[in-house]
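These notes are about the structure you will find just below.
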2 protein chains.
Amino acid sequence: MTTNRGPIESLARLREQFEKLPGIGPRSAERLAFHILREPRDFAAALSRAVLDVKDKVKHCRTCFNLTENDPCSICADPHREHGEVWVVEQPQDLLVLEATGLIRGTYHVLMGHIAPLDGIEPEDLTIDALLERVRSGSVREVVLALNPTLDGDGTALHIQSLLKELDVSVTRPSRGLAVGSQLEYATVSMLDAAIRGRSAM
Amino acid sequence: MTTNRGPIESLARLREQFEKLPGIGPRSAERLAFHILREPRDFAAALSRAVLDVKDKVKHCRTCFNLTENDPCSICADPHREHGEVWVVEQPQDLLVLEATGLIRGTYHVLMGHIAPLDGIEPEDLTIDALLERVRSGSVREVVLALNPTLDGDGTALHIQSLLKELDVSVTRPSRGLAVGSQLEYATVSMLDAAIRGRSAM
């Protein structure tokens, strides 16, 4: 018996491409493919172009490794930022989160991951050398290690801290403790541990 | 203060395009956009091409209105199918569901929707005329109205039935009743109603 899934090759191919995206299962992929089939060609053309443009236009800033269309990025190029203060984050997404607070007056340095030997990610796979170079160039006064408060993040932060020790720069990290707005009753042991050890005068 | 969302225009644009897809919120759209940025360019190129191909290559079969890259579609062109038996469905997706059962030996007719005057969908917006034409051509023996068992589906089925009455063709519909595998305890009133009225000898 003939099946009719085969002959609509382009529909099957689109479904397969969508299925390769994170969080998109077979049912969603089918729904998305049919959606595009129903929309005007302009809609498909805009999506198609946007997908390629992001690969063709977005690159990393050669100074801080933030994603950007222009090198240096708008933050590194901004004379009003505090270029002596460098916030080190794991991923470009982390930079977006910090930047969205509107509280950072300094600049950034994106490591592009964390050290994870079991996953084959060694220090030299990250942008640590470039960070040391920035510090050695002399204009950096404070490095804030704003990595994820996880085992891998902490390990990477310690490694970087040990490398920075020899250089004339202050190394800090964001404070830890109870999540504001959370309930003590539901706090994790590690959250409580950080909060208790880090207690300060009111 | 400079924000860094603006300058990465192509990333913002891709996020916006993804957000226009059904079931994709702002967070998923961001995750998808970053995913594409991380994957090799080939990945983006394949997705980009698949999105356009589906619009450029897929059309409707002129006989049954199924989606196809070749006209007539592989089902209408298959000499081993029962061309005297036509299963009428609302959407191409319904055809896929029926076809996947492997139980249909006949052919199909896709209405491209159901009558819904409140949404501005009148009988002439569907492929009803083409169905009548197929029946009038003389080779169709049975029309199975396999529309959705909903108010709109039933209304559309009744309308088509009334038009087919004058023609020499038998009109049937799939049986209704309890969903196999479901529990009586959780059956809806309309499911029970159909099951009770439609009871048959064992």
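Each chain gets a letter, A, B and so on, in the order its sequence line appears, and its residues count up from 1.
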Nearest non-hydrogen partners of [X] and [Y], listed with the distance:
X       : Y       : answer
A:Lys55 : B:Ala44 : CG-CB, 3.4 Å
B:Asp56 : A:Arg41 : OD1-NE, 2.6 Å
A:Ser10 : B:Lys57 : OG-CB, 3.8 Å
A:Arg13 : B:Asp53 : NH2-OD2, 3.0 Å
A:His35 : B:Lys20 : NE2-O, 3.9 Å

How long is the straight-line distance from [atom2] of [Y] back to [atom1] of [X], given to the nearest 0.5 Å?
X       : Y       : atom1 : atom2 : value
A:Leu47 : B:Glu16 : CG    : CD    : 12.5 Å
B:Phe18 : A:Leu21 : CZ    : CG    : 5.5 Å
B:Leu52 : A:Arg49 : CG    : CZ    : 9.0 Å
B:Leu11 : A:Leu96 : CG    : CG    : 8.0 Å
A:Glu30 : B:Gln93 : CD    : CD    : 6.5 Å

TODO: Tell me, for B:Gln91 versus chain A, whether the close heavy atoms (under 4.5 Å) come from the side chain, the backbone, both or neither.
DONE: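 The answer is neither part of B:Gln91.
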Open item on the list: If we check side-chain contact (heavy atoms from CB on, under 4.5 Å) with A:Val58, which of these qualifies: B:Leu14, B:Ile8, B:Ile36?
Closed with: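 Only match with A:Val58 under side-chain contact (heavy atoms from CB on, under 4.5 Å): B:Ile8.
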Open item on the list: With chain A as the partner, which of B:Ser48, B:Ala33, B:Ser28 has the greatest number of non-hydrogen pairs under 4.5 Å?
Closed with: B:Ser48
Open item on the list: With side-chain contact (heavy atoms from CB on, under 4.5 Å) as the criterion, how do B:Leu67 and A:Leu37 come out once you've worked through the C-alpha distance, each side chain's angles and the decisive distance to 0.1 Å?
Closed with: CA-CA 10 Å; B:Leu67 297 170; A:Leu37 200 54; 3.3 Å; yes
